[in-house]
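For reference, the structure discussed in these notes is given below.
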Amino acid sequence: MQVYDTTLQSRLFLGTAGYPSPDHLLKAIQSADVEVITVSLRREGQGGQGFRDLLKQVNCRVLPNTAGCYSIKEAVTTAHMAREVFATSWIKLEVIGHPDTLQPNPFALVEAARILSEDGFQVFPYTTDDLIVAEKLLEAGCEVLMPWGAPIGSGQGLCHIDALKRMRHYFPNIPLIIDAGIGAPSHAALALEMGFDAVLLNTAVAQAQDPVAMAQAFALAVKAGYLASQAGLMPKRDLAQASTPLFGLAEF
């Protein structure tokens, strides 16, 4: 999978917040065999150098995020701080518009994406499944889109299947990563079966009874979904169709 100027083998991005312990986090990352982990600048601030040292052990690419930002100024300032701390031009851009649903503010998101793109950032925008917003983000300089499956941390899976299918259809050459709302490995597999390039998740693994085992389950699900998409799924039919040929049956 090509994102900006980087080629990735893994189609699973994993968050680093909310794990029972640093050891659980480290083992979950290793179990999932991911190449990209997302980190909130606020989370990094809580752990300091110790948290950075922990992340160095997994040898993954860090995708900092602007989680918790509700304005353009907050998001842009946080992105600049993250670039300095993590020494990367990658940024997962979040500009939240509603405190209950944590839905992105599309107007602020597009403007923040434009500012950061012009400043040399490679922006991964957390957005809705709205096609117009998607077009505006691409015009603003984004080369990747991260539509939500469902509200952050809800575990509802892919709530608006038709809208997501339309987004995949309208942007066939743009990397699309489902971000937020994934609650089960089957949700991740479905996203890849639908042709999405990857999924990003956190809570479903971090809050599982066994985060390490759940991380492995998601890794396998993503691989299965991608292989199914590449192999070509059979079409749905209104009527039954026998798989056994009628030729050669006994006549009575």
Side-chain angles (χ1 to χ4, degrees), residues 3-6 13-19 22 25 35-56 58 60-128 130 132-148 151-153 174-181 198 200-203 206:
V3 287
Y4 288 102
D5 56 354
T6 300
F13 292 25
L14 196 62
T16 56
Y19 285 81
L25 169 60
E35 295 174 87
V36 178
I37 53 176
T38 63
V39 179
S40 167
L41 187 64
R42 296 180 179 183
R43 171 70 178 85
E44 194 283 336
Q46 294 171 358
Q49 186 61 48
F51 185 63
R52 288 199 297 272
D53 291 341
L54 174 68
L55 297 184
K56 289 179 182 178
V58 297
C60 290
R61 180 148 190 167
V62 173
L63 174 60
N65 65 52
T66 62
C69 292
Y70 282 81
S71 70
I72 297 172
K73 183 177 180 180
E74 275 186 302
V76 170
T77 301
T78 301
H80 279 88
M81 294 171 64
R83 181 164 65 179
E84 182 176 341
V85 170
F86 295 107
T88 178
S89 61
W90 279 19
I91 191 72
K92 179 193 169 190
L93 180 61
E94 297 183 26
V95 187
I96 302 302
H98 195 281
D100 293 329
T101 64
L102 300 182
Q103 177 174 327
N105 179 334
F107 310 102
L109 179 67
V110 170
E111 180 60 17
R114 182 190 64 78
I115 293 171
L116 292 173
S117 295
E118 291 177 353
D119 197 33
F121 284 87
Q122 294 178 317
V123 181
F124 293 67
Y126 164 60
T127 183
T128 64
D130 187 281
I132 304 302
V133 176
E135 288 178 345
K136 295 299 182 183
L137 287 168
L138 295 176
E139 292 173 3
C142 299
E143 297 181 18
V144 178
L145 297 173
M146 303 183 75
W148 66 349
I152 294 173
I174 300 297
L176 299 181
I177 302 170
I178 294 292
D179 178 18
L200 189 159
L201 55 95
N202 187 162
T203 308

Thr88: which residues meet the side chain to side chain contact (heavy atoms under 4.5 Å, CB included) condition with it, sequence neighbours left out?
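Per chain and number, Thr88 pairs via side chain to side chain contact (heavy atoms under 4.5 Å, CB included) with Arg61, Pro64, Phe86, Trp90.
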Is it the case that the side chain of [X] and the backbone of [Y] share a donor-acceptor pair, with hydrogens and angles ignored and the cut-off at 3.5 Å?
{"X": "Thr16", "Y": "Thr38", "result": "yes"}
{"X": "Tyr4", "Y": "Cys142", "result": "no"}
{"X": "Thr66", "Y": "Glu94", "result": "yes"}
{"X": "Asn202", "Y": "Ala17", "result": "yes"}

Nearest 0.5 Å, please: how far is [atom2] in [Y] from [atom1] in [X]?
{"X": "Arg114", "Y": "Leu137", "atom1": "CZ", "atom2": "CG", "answer": "12.5 Å"}
{"X": "Asp179", "Y": "Asn65", "atom1": "CG", "atom2": "CG", "answer": "9.0 Å"}
{"X": "Ser117", "Y": "Leu138", "atom1": "OG", "atom2": "CG", "answer": "10.0 Å"}
{"X": "Thr127", "Y": "Met146", "atom1": "OG1", "atom2": "CE", "answer": "11.0 Å"}
{"X": "Leu63", "Y": "Glu35", "atom1": "CG", "atom2": "CD", "answer": "13.0 Å"}

Evaluation steps, side chain to side chain contact (heavy atoms under 4.5 Å, CB included), between Leu200 and Lys92
CA-CA 11 Å; Leu200 189 159; Lys92 179 193 169 190; 4.1 Å; yes
Around Glu84, counting heavy atoms of other residues, nucleotides and ligands shown, do more than 12 lie under 6.0 Å from its CD?
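12 or below, so no.
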Please report the shortest heavy-atom distance between [X] and [Y], naming the atom on each side.
{"X": "Ala113", "Y": "Val123", "answer": "O-CG2, 4.3 Å"}
{"X": "Ile72", "Y": "Ile115", "answer": "CG2-CD1, 3.9 Å"}
{"X": "Glu143", "Y": "Ile174", "answer": "O-CG2, 3.9 Å"}
{"X": "Pro125", "Y": "Val144", "answer": "CD-O, 3.0 Å"}
{"X": "Leu93", "Y": "Ala75", "answer": "CD1-CB, 3.9 Å"}
{"X": "Val3", "Y": "Pro175", "answer": "CG1-CB, 4.2 Å"}

Is the shortest side-chain heavy-atom distance between [X] and [Y] below 4.5 Å?
{"X": "His80", "Y": "Asp119", "result": "yes"}
{"X": "Thr128", "Y": "Gln103", "result": "yes"}
{"X": "Ile152", "Y": "Tyr126", "result": "yes"}
{"X": "Leu109", "Y": "Lys136", "result": "no"}
{"X": "Leu201", "Y": "Leu14", "result": "yes"}
{"X": "Ile96", "Y": "Pro104", "result": "no"}

Run the numbers on Val110 and Glu139 for side chain to side chain contact (heavy atoms under 4.5 Å, CB included), then give the verdict.
CA-CA 9 Å; Val110 170; Glu139 292 173 3; over 6 Å; no
How are the rings of Phe13 and Phe124 set to each other: parallel, tilted or perpendicular (split at 30° and 60°)?
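Because their plane-to-plane angle lies in the 30° to 60° range, the rings of Phe13 and Phe124 count as tilted.
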